[in-house]
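Read through the structure below, which is laid out as structure tokens, and then see the notes.
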Amino acid sequence: MSTPTHPGPRPAARGGVDSRLPWWALLLPVLAFAALLALILDPAKAHATTADPAVTHLVEQIRHLTGR
């Protein structure tokens with residue numbers, strides 16, 4: 001009677017998971033980083049929006065009620 005032998009390591013399966021990214025998966029973070037970097041370098045172009053007085057009043061009332 002013969003003893004079973006270990007089959008050894010199998011070669012990697014072809015047709016597995018595709019690890020390549022589409023072109024836009026790299027382009028979108030690069031564009032976002034460039035836009036944020038441009039705002040840091042020239043903060044005069046970054047304008048804050050003015051809040052609605054009713055919203056400001058509501059936030060102040062909530063802060064007053066919570067004790068802050």
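All heavy atoms count here, side chains included; hydrogens, waters and symmetry mates do not.
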Taking Leu21 as the starting point, is it possible to reach Leu31 by hopping between hydrophobic residues whose side chains are less than 4.5 Å apart?
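Different clusters: Leu31 never reaches Leu21 through Ile, Leu, Val, Met, Phe, Trp or Tyr contacts under 4.5 Å.
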
Closest non-hydrogen atom pair, Val30 against Leu26
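In this case the closest contact between Val30 and Leu26 is CG2-O, 3.2 Å.
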
Quick one: NE2 on His57 to CD1 on Ile62, what's the gap to the nearest 0.5 Å?
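The CD1 atom of Ile62 is 10.5 Å from NE2 of His57, to the nearest 0.5 Å.
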
